[in-house]
Amino acid sequence: MADSTQTKPDEEVEYSEDKIAVHWREEEYVEPPEKFKDQANAKDESVLERFAPENFPDCFVDYAELLDWDKKWDEVLDSSNPPFFKWFVGGRLNASVNCVDRHLESRGDKNAIIWVAEPEDDEPVEITYKELHRRVNEFAALLKDFCGVKPQDRVTFHLPMVPDLPVAMLACARLGVIHSQVFGGFSGAAAGQRMGDAQSTILVTMDAYYRNGELIDHKIKADDAVEAAKKEGIEIEKILVFRRIPGEYHSESEMVEGRDYFIDEVLKDYEGQEVEPESMKAEDTLFLMYTSGTTGRPKGAQHTIGGYLSYVTGTSKYYQDIHPDDMYWCFADIGWITGHSYIVYGPLALGTTSVMYEGVPTYPDAGRPWRIAEKLGVDIFHTAPTTIRMLRKVGPDEPEKYDFHFKTMTTVGEPIEPDVWRWYHKVVGKGEAAITDTWWMTETGGFTGSTLPFLQPMKPGSCGPAALGIQLVIYDENGEEVPKGSGKAGYICIRNPWPGRMLTVWGQDERFIDTYYKRFNKDKDSKDWKDWPFMCGDGAVQAEDGYFRILGRIDDVINVAGHRLGTKELESAAIEVEEVAEAAAVPVIDEERGKIVEMYIALKPGVKASEEEVAKKVAKQIEYDIGKIARPKNVWIVPDMPKTRSGKIMRRVIAGISNFADVGDISTLANPDVVDKIREQVQAAKKERGEDLQELSKEQEQEIAEFGSQSE
Ligand code: 6R9
């Protein structure tokens with residue numbers, strides 16, 4: 001491992017491909033505000049003691065006891081078959097009862113959800129717990145009777161940010177059915193492929209939704225989903241369609257008789273019906289959330305009912321500091337794990353009001369989020385660095401024009417630059433809110449590193465110490481522990497099991513072990529959980545005080561505005577284009593979105609089509625297979641790819657070219673002279689387009705230098 005410039009600021013540092021070096025300076029602490037401390041859910045140090053390692057695994061009973069159980073568990077943790085750990089075994093519960101029914105008596109007339117449509121003239125829609133109960137039951141009745149679903153069957157949603165989405169999730173939960181929501185911005189083909197993987201035959205979608213002032217056609221994507229699912233051997237039996245504007249239909253796609261149904265019409269038969277909630281086993285599955293990895297096929301992270309719900313409820317309580325009377329707004333998409341855990345399940349289990357917003361942050365202008373906060377009296381705000389960066393860029397002075405006051409603010413999804421952190425703290429938080437930088441991932445279910453908002457000081461750019469009950473460790477490439485304060489980086493892992501962790505990769509237990517455990521497990525036959533550290537997939541460094549700084553993914557994943565895109569997914573989309581022989585995807589640092597995708601393409605010999613035509617086709621295919629979010633900024637048609645002798649494309653070399661950064665060591669290339677050719681071609685074109693002005697920070701340079709080297 002190379003040393004950090006923290007200790008040797010000006011020294012030249014040597015890198016080798018599979019290592020990560022750190023060049024960030026430690027920031028000063030920022031003290032949490034005193035004024036909210038008395039009301040905090042975590043207000044004294046006793047909580048830290050309760051969750052100390054010597055109290056593992058029983059410490060997590062604290063979280064499980066926040067829920068109502070039909071039957072309490074017999075065993076807190078069954079670790080007899082590592083790494084398939086099971087929590088609260090013998091326990092029975094229902095997630096929709098915990099998020100809805102149990103609040104009816106005390107808070108039935110209080111709002112569970114307030115939904116803000118993008119058109120600003122539309123009044124926010126208030127949904128009380130009673131109303132939510134009615135809607136969840138009616139939709140559950142429809143799913144059960146009209147679709148004939150049984151406990152643990154899979155139902156796929158491809159929905160935008162509308163209240164029908166949490167209603168549908170909770171209706172599945174009521175029936176013990178597994179939901180799988182595919183991010184609305186992803187393509188229909190992406191939804192169809194995931195249906196194939198989950199063996200799901202029912203698709204719930206919507207005709208259209210508002211984005212940037214336009215009503216955009218969404219049902220049209222269902223046609224592609226049908227095709228893609230067919231390729232996977234799945235015949236979609238029913239497509240249930242919500243209507244964005246009651247009584248109207250805003251899609252070019254035709255409703256197919258006997259397959260497509262307007263939900264509002266079918267629901268008439270189920271008006272006022274109530275469905276008995278299924279009493280499910282704690283380790284049964286609540287939902288699947290597909291995420292990208294190092295190989296082509298997305299992984300279905302399989303989350304449990306008892307463990308997951310306990311974990312998101314507990315972390316919502318202590319880290320989000322949610323009380324029933326708070327007005328909580330998580331400005332994220334439910335199609336992302338953040339939305340599942342911290343818009344729907346955690347907040348509703350605690351009986352609070354969860355705000356949902358349909359549209360883009362800057363519509364009609366950069367003051368919109370702050371007007372929403374002011375109007376609704378939001379006191380807890382939660383969003384991602386990409387949104388914060390965008391709002392700062394477009395309206396740096398907007399927040400101070402509005403009268404809103406946050407007690408806590410969360411950031412999630414990417415490392416946040418200290419400078420952006422300070423704007424968030426000073427301008428959005430008006431200097432009086434605590435920031436929780438929450439580091440975690442789809443696989444972990446909930447927060448794994450952060451500060452307790454009124455108990456632990458904040459440090460810009462660091463997520464903080466390990467979350468309660470989580471034992472974090474950094475290993476070097478040989479599996480040796482990297483001591484804290486050494487300034488060295490390595491692979492961050494979680495030593496112990498925790499209830500929020502996914503149970504497995506849907507249908508692929510081996511892949512689960514390979515991806516998360518193989519690297520640092522020294523004895524695959526061991527039955528001791530201590531031999532099974534979970535590899536998170538991020539590089540990190542730990543300061544002397546125990547705070548972690550996350551350096552980003554060490555696998556081949558490009559994080560665009562918080563969405564993880566697998567290079568392999570992008571490349572396999574490109575290769576579908578007839579003329580394409582080879583493709584490589586690399587990230588380009590982008591001020592607003594963190595990263596964006598650039599594609600490199602080598603053509604098959606004798607191609608007649610013009611380069612421009614092929615480039616267009618590639619971009620279109622990626623948009624079709626994955627979604628708009630993945631659309632490449634540039635598609636470069638190059639004479640050949642830089643490759644190792646074993647024929648693997650060296651992505652870090654082309655990533656270096658795209659970012660005007662160092663391409664690193666090319667001595668192991670089979671065809672080193674291609675590098676100069678590509679550099680000349682690409683950089684000249686970029687200069688012409690004015691894309692060469694980007695100055696990279698040292699850590700960005702390092703990230704580019706490392707990109708993809710894991711798979712070389
Ligand atoms: C929740 C979520 C996971 C990856 C993760 C890491 C990055 C998330 C972060 C962060 C630095 C934070 N990440 N939160 N990096 N600081 N506070 O984002 O899940 O979409 O699965 O992405 O996001 O690299 O490994 P997911």
Side-chain angles (χ1 to χ4, degrees), residues 20 22 24 181-183 185-186 288-294 298-301 303 308 311-312 315 319-320 330 332-343 345-346 382-389 409-418 420-421 424 435-451 458-467 472 489 491-494 500-502 505 515-516 534-542 547-566 587 593-595 629 699 703 706-707 710:
I20 315 143
V22 200
W24 299 12
Q181 152 73 0
V182 178
F183 173 55
F186 281 164
L288 303 180
M289 167 68 62
Y290 281 87
T291 187
S292 299
T294 37
K299 303 183 283 258
H303 280 290
Y308 169 85
Y311 196 71
V312 299
T315 48
Y319 288 93
Q320 301 290 276
C330 174
D333 197 289
I334 296 178
W336 180 25
I337 190 67
T338 295
H340 275 52
S341 301
Y342 299 109
I343 295 177
Y345 285 113
H382 184 159
T383 197
T386 179
T387 307
I388 303 170
R389 285 195 292 262
M409 303 193 302
T410 299
T411 165
V412 57
E414 280 173 85
I416 182 166
E417 299 81 353
V420 178
W421 191 101
Y424 195 36
I435 293 185
T436 49
D437 182 344
T438 59
W439 165 75
W440 59 296
M441 52 213 57
T442 305
E443 296 86 337
T444 69
F447 307 147
T448 42
S450 189
T451 49
M458 308 166 254
K459 202 198 271 181
S462 296
C463 66
L472 293 180
Y491 302 84
I492 189 164
C493 297
I494 303 173
R501 196 209 65 182
M502 65 195 273
V505 176
T515 311
Y516 306 104
F534 176 92
M535 185 178 88
C536 298
D538 281 327
V541 62
Q542 188 182 26
Y547 278 39
F548 290 89
R549 196 154 2 183
I550 305 300
L551 307 172
R553 306 291 305 174
I554 49 180
D555 54 18
D556 291 356
V557 169
I558 305 176
N559 191 329
V560 179
H563 298 284
R564 277 163 69 178
L565 306 171
R593 290 190 286 173
K595 311 237 166 46
I629 188 91
E699 58 270 26
E703 198 183 335
E706 298 286 348
F707 184 75
Q710 281 288 301

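Just so you know, ligand 1 is whichever comes first in the structure, and atom 1 is the first atom listed for that ligand.
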Verdict with supporting geometry, T291 and E443, side-chain hydrogen bond (donor to acceptor under 3.5 Å, both in side chains): CA-CA 9 Å; T291 187; E443 296 86 337; 4.8 Å; no

Donor-acceptor side-chain pairing of W439 and D538 below 3.5 angstrom: yes

D437 N/O to ligand 1 N/O under 3.5 Å: yes

Heavy-atom gap G413 to ligand 1 smaller than 4.0 Å: yes

Plane angle bin for F447 and Y342 - parallel if under 30°, tilted between 30 and 60°, otherwise perpendicular: parallel

Polar side chain donor-acceptor pair, Q181 to H340, under 3.5 angstrom: no

Test of proximity, E443 against ligand 1: N or O pairs below 3.5 Å: no

Nearest non-hydrogen protein atom, atom 20 (O) of ligand 1: W336 NE1, 2.9 Å

Carboxylate-amine/guanidinium proximity below 4.0 Å for K595 and E414: no

Taking atom 22 (O) of ligand 1 as the reference point, the nearest protein heavy atom with its distance: R564 CD, 3.2 Å

P415, portion touching ligand 1 at heavy-atom distance under 4.0 Å: both

Residue, atom name and distance, where the atom is the protein heavy atom closest to atom 1 (C) of ligand 1: W440 CE2, 3.4 Å

T438: numbered ligand 1 atoms lying under 4.0 Å from its heavy atoms: 9 (C), 12 (C), 14 (N), 17 (N)

Distance-only donor-acceptor check, side chains T436 and T451, under 3.5 Å: no

Region of I550 engaging ligand 1 - heavy atom pairs below 4.0 Å: side chain

Which of the ligand 1 atoms, numbered from 1, are nearer than 4.0 Å to a heavy atom of T442: 19 (O), 20 (O), 21 (O), 26 (P)

Nearest-contact summary for atom 16 (N) of ligand 1 - protein heavy atom, Å: E414 O, 3.3 Å

Exercise: identify the closest heavy-atom pair between S341 and Y308: OG-OH, 2.7 Å

Least distance between heavy atoms, G461 atom then P418 atom: CA-CG, 4.3 Å

Per-residue contact class, I337 against ligand 1 - non-hydrogen pairs under 4.0 Å: side chain

Nearest non-hydrogen partners of W440 and T338, listed with the distance: CZ2-OG1, 3.5 Å

Beyond-backbone contact of F534 with T448, side-chain heavy atoms, under 4.5 angstrom: no

Identity and distance of the protein heavy atom lying nearest atom 24 (O) of ligand 1: D538 OD1, 2.7 Å

Atoms in ligand 1 flagged as close to W439, the criterion being non-hydrogen separation under 4.0 Å: 9 (C), 10 (C), 12 (C), 14 (N), 15 (N), 17 (N)

T291, any N or O under 3.5 Å of ligand 1 N or O: no

